[in-house]
Amino acid sequence: MTLSAFAQKDEKAYFYDVLVQVKELDGTCDVRRPADKDFIPVIPNKAYPYGSIIKVNSGSCKIYFNSTDFVQAHAGAEAIFRDFGRRASVGLQVIRGECNVDVGLRTPEKTFRVDVPTGTFYLIGRSTIRVKNFSDSVDVSNDDLRFEVGTGTAFFQGLHYKIPMMGAANRVSIASAADGSSTRITGLVGAFDVLLDNGTPNPTVFNLSPECLIKLRRKRAEVGNNWVVSVLTVMAGGSARNNFTYVDSSEGITTGELISEDPQVTTVHTALEKEGGAPEAEDLDFNAQEI
């Protein structure tokens, strides 16, 4: 009986196999299954349960979730096989390293998922993900996460922002502090919209193109412990496009947009101060000269 047939013994027809297969091993890999204490060498073409952790010591291997959807993990990569919903949504949690993702173009949207330290991807087609070791430092680095779509599409959900659609040849760098206090999103290739939370039901839309920049700084409010988020977007030429501060999960507690086409108009709501000493945008040391 094939893995696909075994996966469908239940009344519900699952989209993905019940086990994950590691194939085309070119080098050495170790794996630790959920019930094991130690890592053991990967056996080519063997199937492993979800929850297993794989480390690629040299070369590369391909991780198959069904006959069409797989990830090629390269030397230095470490990842966990994940079942996010009764095999209707599966994928990887990438801890570090480089992975090439290949998902069939007919795969349903938001089915194949890749979690990284900065958020969650849903992928269709071919793409490349590079993740550095986020435990190294709380400082941000341009190499924290680099992502490129080869063919197909990608959706990304991060903390206080999301990218609803990246297309072929789009590339982005996302740098984040390990403690969540700061994020820097840099456009590398192509242009696509980033939706930024702003304390209202309607997010701020910023078109991220090469050399454009989004910076988010966060601190915990003294009352309520919610994130206080300050956002700055910068155009490729260095001019600021958006600048605002708001309190997460507290609708209406926001400065509103501090950059206006009319330089005489600036509105700041004092409700932020009542939330517990939230910083004004300028206190967070955001300016185009810093970049």
Side-chain angles (χ1 to χ4, degrees), residues 3-4 6-8 12-25 29-34 42 45-56 60-74 76-134 144-159 162-168 170-172 174 176:
L3 288 175
S4 295
F6 181 70
Q8 296 181 23
K12 178 178 178 179
Y14 297 101
F15 190 79
Y16 287 102
D17 293 339
V18 68
L19 297 172
V20 178
Q21 285 186 297
V22 181
K23 301 181 179 181
E24 301 179 43
L25 179 59
C29 300
D30 294 328
V31 66
R32 188 178 70 195
R33 294 167 295 192
V42 165
N45 301 315
K46 183 176 175 62
Y48 295 94
Y50 289 99
S52 299
I53 305 174
I54 189 168
K55 291 182 177 180
V56 184
S60 66
C61 67
K62 290 185 178 180
I63 304 161
Y64 278 82
F65 296 85
N66 61 15
S67 61
T68 61
D69 299 350
F70 67 89
V71 175
Q72 183 175 24
H74 298 274
E78 182 176 352
I80 306 172
F81 308 152
R82 291 297 192 195
D83 177 0
F84 297 108
R86 300 187 66 207
R87 298 194 306 283
S89 174
V90 304
L92 283 183
Q93 178 184 343
V94 179
I95 300 171
R96 62 180 61 83
E98 179 175 337
C99 295
N100 298 114
V101 182
D102 196 322
V103 179
L105 294 177
R106 295 186 178 182
T107 299
E109 291 185 357
K110 294 192 175 180
T111 298
F112 194 86
R113 170 175 164 178
V114 176
D115 281 5
V116 295
T118 53
T120 295
F121 286 102
Y122 287 99
L123 304 171
I124 295 176
R126 295 178 178 176
S127 54
T128 300
I129 298 173
R130 298 182 183 91
V131 177
K132 68 166 284 187
N133 188 345
F134 273 72
D144 281 358
L145 172 67
R146 288 197 177 227
F147 175 77
E148 179 177 4
V149 179
T151 62
T153 60
F155 168 95
F156 183 73
Q157 178 68 62
L159 180 61
K162 66 181 177 182
I163 302 173
M165 177 68 73
M166 290 180 65
N170 285 168
R171 188 187 307 170
V172 65
I174 302 175
S176 292

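- For the salt bridge (charged side-chain N to carboxylate O under 4.0 Å, His left out) test, no residue two or more places apart in sequence or in another chain qualifies with Asp69.
- Residues Ile54 and Glu78 are not in side-chain contact: their nearest non-hydrogen atoms beyond the backbone lie 4.5 Å or more apart.
- The side-chain hydrogen bond (donor to acceptor under 3.5 Å, both in side chains) search around Asp30 returns Asn57, not counting sequence neighbours.
- Counting only distance, with no hydrogens or angles, the side chain of Ser89 and the backbone of Thr111 share a donor-acceptor pair below 3.5 Å.
- Between Val22 and Cys29 the shortest side-chain heavy-atom distance does not fall below 4.5 Å.
- Heavy-atom minimum distance, Val149 versus Gly167: CB-O, 3.2 Å.
- To the nearest 0.5 Å, atoms CD1 (Ile63) and CG (Asp102) are separated by 13.0 Å.
- A search for side-chain hydrogen bond (donor to acceptor under 3.5 Å, both in side chains) contacts involving Arg82 returns Gln93, not counting sequence neighbours.
- The CD atom of Glu98 lies 10.0 Å from the OG atom of Ser60; values are rounded to the nearest 0.5 Å.
- A donor-acceptor contact shorter than 3.5 Å links the side chain of Asn66 to the backbone of Thr68.
- Heavy-atom minimum distance, Gly152 versus Leu105: CA-CD2, 4.1 Å.
- For Thr128, the side-chain hydrogen bond (donor to acceptor under 3.5 Å, both in side chains) partners at least two apart in sequence or on another chain are Asn100.
- Residues forming a side-chain hydrogen bond (donor to acceptor under 3.5 Å, both in side chains) with Thr120 (at least two apart in sequence, or on another chain): Asp115.
- Side-chain contact between Ile129 and Leu123 is present, with at least one heavy-atom pair separated by less than 4.5 Å.
- Judged as a side-chain contact (heavy atoms from CB on, under 4.5 Å), and not counting sequence neighbours, the contacts of Arg33 are Asp36, Ile40, Lys46, Tyr48, Pro49, Ser52.
- Residue pairs meeting the ring-ring contact (aromatic ring centres under 6.0 Å, His included) criterion with at least one member in residues 78-103: none, sequence neighbours excluded.
- Looking at Arg130 and Leu145, their side chains never come closer than 4.5 Å, going by heavy atoms from C-beta outward.
- Expressed to the nearest 0.5 Å, how far CZ of Arg126 lies from OG1 of Thr151 amounts to 6.0 Å.
- Closest of all the heavy-atom pairs between Asn45 and Gln21 is O-NE2, 3.5 Å.
- In terms of heavy atoms, Gly150 sits closest to Ala168 at O-CB, 3.6 Å.
- Among residues two or more places apart in sequence or in another chain, the side-chain contact (heavy atoms from CB on, under 4.5 Å) test is passed with Lys62 by Glu24, Tyr64, Phe70, Gln72.
- With sequence neighbours excluded, the residues forming a side-chain contact (heavy atoms from CB on, under 4.5 Å) with Leu159 are Arg218, Trp227, listed by chain and number.
- The two residues Val103 and Val101 make their nearest non-hydrogen contact at CG2-CG1, 3.6 Å.
- Partners of Asn170 according to the side-chain contact (heavy atoms from CB on, under 4.5 Å) rule, which considers only residues two or more places apart in sequence or in another chain, are Met166, Phe192.
- Remark: Lys110 qualifies as a cation-pi partner of Phe155 under the 6.0 Å distance and 45° angle criteria applied to the six-membered ring.
- Few gaps surround CZ on Arg113; more than 12 heavy atoms of other groups in view lie less than 6.0 Å from it.
- For residues 98-124, the pairs satisfying ring-ring contact (aromatic ring centres under 6.0 Å, His included) are Phe65-Phe112, Phe121-Phe147, Phe121-Phe156, with sequence neighbours left out.
- Arg87 and Asp17 make their closest contact through CD-O, 3.0 Å (heavy atoms, listed as atom of the first residue, atom of the second, distance).
- A heavy-atom distance below 4.5 Å is found between the side chains of Val114 and Val94.
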Under the side-chain contact (heavy atoms from CB on, under 4.5 Å) rule, what do Val56 and His74 come out as? Steps first, then yes or no, please. CA-CA 6 Å; Val56 184; His74 298 274; 5.8 Å; no
